Amino acid sequence: MQLRVTSLPGDGIGPEVTSQAICVLEEVAGGFGHDLELDEKEIGGAALTKFGNPLPDATMQACLGSQAVLLGAVGSPAFDHNPRELRPEAGLLRLRQGLGAFANLRPAVFYPCLAACSPLREEIVKGTDILIVRELLGGLYFGQPRSIEGAPGARQALNTMRYSEPEIERIARVAFQLARTRRRRLLSIDKSNVLECSRLWREVVTGVARDFSDVQLSHMYVDSAAMSLVQKPAEFDVILTENMFGDILSDQAGGVVGSLGLLASASIGGPVGLYEPVHGSAPDIAGKGIANPLGAILSVALMLRHTFHLSKEAECVEAGVTSTLKGGFRTRDLARLGERTVSTEEMGAQIAEFVRLAAGANNRAAS
Ligand code: NAD
């Protein structure tokens, strides 16, 4: 099978974790007999530095011409004072919009061998396996009008939260479908006691539920959900929520399972899937070779599953991550005091090696 992928390493730790994810993808392609066509382009601060634009046309065209995009992270303190349109993050928001990727899937899974990494007691976090389905193209992050206006000292800022029925319905359908592949439970999170957007959200989601009578739908307010997520994370299954609530709750879920560096994401729904770790560019650790590449590597697994429908290959990458963690390999964010740590590259190499051996065994069994 031909795999046409555009890679956008971006800023900070983005290039460090993306290069490891690509090594793993290359092993998958070589080992399972796929033809990988990779094109690397700039986004975010890297693109601003080179082209003065956080999402150059050449980057957008390359992404639209491929089947899937693998992104590292964007964001750099060097651009913190730029106007909004000339900040690295503006490039990412435009990319998501350009790809039409409205459904952001963010799994958060607890690995028993990482029990010590969670700030929660093991009996609370044990069994946690959550899939957050976050609406990605609406709400406060995209709503117009938006502005900061007025004279210094008396300025006013405005953002708009806006959702339409079709926007809510299409993400709800994705979430219900995914719930069918798991425990058939869907929790929709909103703030319908205060926000009109959330009232419409709850009404539309409840309406869609009529087409999915085999899935048990429940609703929760976001503040209560944030509390439950740390009190009883193992009780959550599929979470459906709007853009900003999903952004916040998924970082929280990362903390619950041990590290934000573990979390992968898939943004689907448009013609080209976008795959990226949940974390940002982490300028505090960039360039040190200590970033955890697992979120990026697990994003490759999501790409194999959701864009290429190669479930055996996706499972192989996931098994590589589990085996590497069970083998005691820890980047600094996962290590306990005094525990030996490995670099970003060593962690990636372990998983690439696992994939190489597993693909070889698979090929021998097939021949
Ligand atoms: P962040 O996710 O970059 O970092 C938060 C904390 O987690 C930091 O202490 C960091 O060192 C740690 N961390 C993150 N990823 C890690 C990894 N793979 N391994 C080990 N530790 C890791 O969030 P932030 O500090 O709030 O933001 C930094 C920059 O990233 C900002 O410019 C922000 O706008 C941007 N950002 C980008 C994205 C994205 O590209 N999708 C997402 C979030 C934030």
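Note that this is a predicted model, so its numbers are computed, not measured. Every number for a ligand or one of its atoms is a count from 1 in the order of the listing. Sequential numbering from 1 along the given sequence is applied to the chain's residues.
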Below a 4.0 angstrom heavy-atom separation, can you tell me which part of [X], side chain or backbone, both or neither, approaches ligand 1?
X	value
Val74	both
Ile285	side chain
Thr331	neither
Asp80	neither

Numbering the atoms of ligand 1 from 1, which are under 4.0 Å from a heavy atom of [X]?
X	value
Ile13	15 (N), 16 (C), 17 (C), 18 (N)
Gly261	17 (C), 18 (N)
Ala291	19 (N)
Glu276	41 (N)
Ala73	40 (O)
Leu260	2 (O)
Gly280	1 (P), 2 (O), 3 (O), 30 (O), 36 (N), 37 (C), 38 (C), 42 (C), 43 (C), 44 (C)
Gly75	32 (O)

Residue and atom name of the nearest protein heavy atom (relative to [atom]), distance in Å to one decimal:
atom	result
atom 3 (O) of ligand 1	Ala282 N, 2.8 Å
atom 14 (C) of ligand 1	His279 CB, 3.6 Å
atom 34 (O) of ligand 1	Glu89 OE2, 2.5 Å
atom 39 (C) of ligand 1	Leu92 CD2, 3.7 Å

Applying the 4.5 Å side-chain criterion to the ILVMFWY set and letting contacts propagate, would Leu260 and Ile239 be lumped into a single cluster?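 Yes, it is one cluster - the side chains of Leu260 and Ile239 are joined through contacts under 4.5 Å.
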Mind checking whether Leu249 and Val174 sit in one hydrophobic cluster, side chains of I, L, V, M, F, W, Y counted as touching below 4.5 Å?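 Hydrophobic grouping puts Leu249 with Val174.
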Nearest non-hydrogen contact with atom 17 (C) of ligand 1 belongs to which option: Asn292, Leu262, Ile43, Asp284?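 Nearest heavy atom to atom 17 (C) of ligand 1 lies in Asn292.
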Which of these, Ser281, Gly10, Pro283, Gly255, has its nearest heavy atom closest to atom 30 (O) of ligand 1? Ser281
Under 6.0 Å from the ring centre and within 45 degrees of the ring axis: does the NZ or CZ of Arg170 meet both conditions for the six-membered ring of Phe102?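 Yes - Arg170 lies over the ring of Phe102, closer than 6.0 Å to its centre and within 45° of its axis.
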Identify the two heavy atoms, one from Ser118 and one from Val256, that lie closest to each other, and give their separation to 0.1 Å. OG-O, 2.7 Å
What's the shortest heavy-atom distance between Arg87 and Asp80, and which atoms?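 Answer, listing the atom of Arg87 first, then Asp80: NH1-O, 2.9 Å.
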Check whether any protein heavy atom sits under 4.0 Å from [atom].
atom	value
atom 12 (C) of ligand 1	no
atom 26 (O) of ligand 1	no
atom 19 (N) of ligand 1	yes
atom 42 (C) of ligand 1	yes

Below 3.5 angstrom, do we get any N/O pair linking Ser259 and ligand 1? no
Distance-only donor-acceptor check, side chains Thr206 and His219, under 3.5 Å: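 Their side chains do contain a donor-acceptor pair, which is all the 3.5 Å distance test asks for.
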Are Ser192 and Arg199 close enough that a side-chain donor and a side-chain acceptor fall under 3.5 Å?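 Distance-only check fails for Ser192 and Arg199.
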Apply side-chain hydrogen bond (donor to acceptor under 3.5 Å, both in side chains) to residues Ser76 and Asp11 and explain how you reach the verdict. CA-CA 7 Å; Ser76 159; Asp11 307 320; over 6 Å; no
Any chance you could lay out the side chain to side chain contact (heavy atoms under 4.5 Å, CB included) test for Phe32 and Leu310, step after step, and finish with the verdict? CA-CA 10 Å; Phe32 288 87; Leu310 296 172; over 6 Å; no
Output, in order, the C-alpha distance, side-chain angles, deciding distance and verdict of side-chain hydrogen bond (donor to acceptor under 3.5 Å, both in side chains) for Thr6 and Asp39. CA-CA 5 Å; Thr6 301; Asp39 188 8; 4.9 Å; no
As a test of understanding, state which of Val342, Asn292, Ile290 forms a side chain to side chain contact (heavy atoms under 4.5 Å, CB included) with Arg332. Ile290
Asp190 and Val222, any side-chain heavy atoms less than 4.5 Å apart: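 The answer is no, as the side chains (C-beta and beyond) never meet within the 4.5 Å cut-off.
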Are Ser267 and Leu99 packed together at the side-chain level, in the sense that at least one heavy-atom pair is separated by less than 4.5 angstrom?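 They are not in contact (no side-chain heavy atoms under 4.5 Å apart), so the answer is no.
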Which of parallel (below 30°), tilted (30 to 60°) and perpendicular (above 60°) describes Phe176 and Phe212?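 Ring orientation, 0 to 90° scale: parallel.
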